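Scroll down for the structure; my scribbles are underneath it.
Residue numbers run from 1 in the order of the sequence given. All heavy atoms count here, side chains included; hydrogens, waters and symmetry mates do not. Keep in mind that what you see is a predicted model, and the values were worked out from it rather than measured. Atoms within a ligand are numbered from 1 in the order they appear, just like the ligands themselves.
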Amino acid sequence: MSLCPQTITCRAAIAWAANSTLSIEEVQVEPPKAGEVRIKLASTGICGTDDHAIKGLLSAIFPFIPGHEGAGIVESIGKGVTSVKPGDKVLTLIIPQCRECSSCLHPKGNFCEKQDVLPSSGLMLDGTSRFTCKGKKIYHSFRTSTFTEYTVVPEIAVAKIDDAAPMDKVSLISCEVPTGYGAAVHSAKVTHGSTCVVFGLGGIGSAIVMGCKASGASRIIGVDINEEKFPRARALGVTDCLNPQKFKKPVQQVVMEMTGVGADFAFEAIGLSDTMLAAWDSCHRSYGVCLIVGVAPLNSKLSLDAPMIVSGRTMKGVCLGDYKTRDCIHHLVTDYLQNKINIDPLVTHQLPFDQLHKAFELYHAGKTIRCILLF
Ligand code: APR
Ligand code: ZN
């Protein structure tokens, strides 16, 4: 344990400009300030949100170090940090839990006001950055930045996890598992015997399918334009796979015809307003519940048929499964260790960090559910 932490020089991926290829650079990572934690990453997943940020579709500020789905070991702590100590195994949290803001104090809220996703400052809570490269300031992404050997994160965005956690996999429990599985089991509370439709069968959609299945849904319709996703989706519990490009009519009409009345629960895990509308229109018009899990591009809008809103359907946005992150997410790790949930089918690829470009090629080619980068 270092009592006086120094700046660390290590490798990190930098997005220099929107849509540019990430480059692995030598960066300087400053010691954690008060209320901050410096983490040595063990693994990080590549999530759709990171891809959106790198493409400039979210409000990320360039140049920045992407990544948020991380698992690592606390290297050093700043003044006043009490919830973790050097050597602890931890997950990074894209949505922190400050336990002081209106969201955190409300029994149901989890979208902590100290989050840095929507909008994004790219800076720590004190308005400064901990990263430099070649003398230039580098911004954080979502106050997590996990595509780096070392990162600095606010204590409120760190979850201490079980010492027995396998660090090459549990990074998925930092985001994908609570976001997808949690949306179904905790937020929607999918009911036994229900019909669900899941738009997008990537990492998040697959975790949603797992949650629907675990909740006893009797029919799970999966929608994706990439049919390569179908065999794995079926193995996870999808009963009917639909490629919307194969139909002359809108996919929501196909879902309506298949179900007769519409789905009990619809989930959007793509991040496009068109598929959000399709999910909404796939629900039973009276009691259907539509959960928006995907993050749409900045400034995009959703236009609903206003008169029909009165029919009773619910639309609900959900982030990290509505879990209060620091209170709840470590329980999912324990559930995994106790074989109550199995995240292994979600991990399709594991590559060393320096093969980041290959990992993104596989992701863009639609070959991965989750690719985990290992440090
Ligand atoms: N219609 C149907 N499926 C689509 C469409 C479309 N128009 N566009 C993309 N897809 C499918 C892709 O083929 C892919 O299988 O959506 C899936 C998206 O999965 P990933 O790229 O693996 O992304 P994921 O990490 O699952 O994130 C999905 O959730 O957290 C949010 O910001 C994230 O908006 C993103 C969404
Ligand atoms: Zn808060």
Is there a donor-acceptor pair closer than 3.5 Å between any side-chain N or O of Arg370 and the backbone N or O of Leu346? no
Main-chain N/O of Ile220 paired with Thr239 side-chain donor or acceptor, under 3.5 Å: yes
Which residue is it: Cys10, Pro63, Cys133? I am looking for the one with a side chain to side chain contact (heavy atoms under 4.5 Å, CB included) to Glu25. Cys133
Using residues 308-317 as the side-chain source, report each donor-acceptor pair under 3.5 Å to any protein atom, sequence neighbours left out, with the distance given to one decimal.
{"residue": "Ser311", "atom": "OG", "partner": "Arg285", "partner atom": "O", "Å": "2.6"}
{"residue": "Ser311", "atom": "OG", "partner": "Met308", "partner atom": "O", "Å": "2.9"}
{"residue": "Arg313", "atom": "NH1", "partner": "Trp280", "partner atom": "O", "Å": "2.9"}
{"residue": "Arg313", "atom": "NH1", "partner": "Asp281", "partner atom": "OD1", "Å": "3.2"}
{"residue": "Lys316", "atom": "NZ", "partner": "Asp322", "partner atom": "OD1", "Å": "3.4"}
{"residue": "Lys316", "atom": "NZ", "partner": "Asp322", "partner atom": "OD2", "Å": "3.0"}

Just say parallel, tilted or perpendicular for the rings of His186 and Tyr323, cut-offs at 30° and 60°.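 Correct class here is parallel.
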Report yes or no: do Glu155 and Ser83 form a side-chain donor-acceptor pair below 3.5 Å?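 Yes, a side-chain donor-acceptor pair sits under 3.5 Å.
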Would Cys212 and Phe267 satisfy side chain to side chain contact (heavy atoms under 4.5 Å, CB included), going step by step from the backbone distance to the final call? CA-CA 10 Å; Cys212 294; Phe267 297 86; 3.7 Å; yes
Please collect all salt bridge (Lys or Arg N to Asp or Glu O under 4.0 Å) contacts where either partner lies in residues 212-224, sequence neighbours excluded, each pair once.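 Of all non-adjacent pairs touching residues 212-224, those that pass salt bridge (Lys or Arg N to Asp or Glu O under 4.0 Å) are Arg219-Asp240.
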Who are the residue neighbours of ligand 1 when the rule is a heavy atom under 4.0 Å from any of its atoms?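 Within the 4.0 Å shell of ligand 1, which is judged on heavy atoms, sit Cys47, Gly48, Thr49, His52, Gly200, Leu201, Gly202, Gly203, Ile204, Asp224, Ile225, Asn226, Lys229, Ala269, Ile270, Gly271, Leu272, Thr275, Val293, Gly294, Val295, Tyr363, Arg370.
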Locate the shortest heavy-atom distance separating Leu125 from Pro154; write the atom from each residue and the value.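 Scanning both residues, the minimum pair turns out to be CD1-CB, 3.8 Å.
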For the Zn ion (ligand 2), every protein N/O/S atom that sits closer than 2.8 Å, waters excluded: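 Correct list: Cys98 SG, Cys101 SG, Cys104 SG, Cys112 SG.
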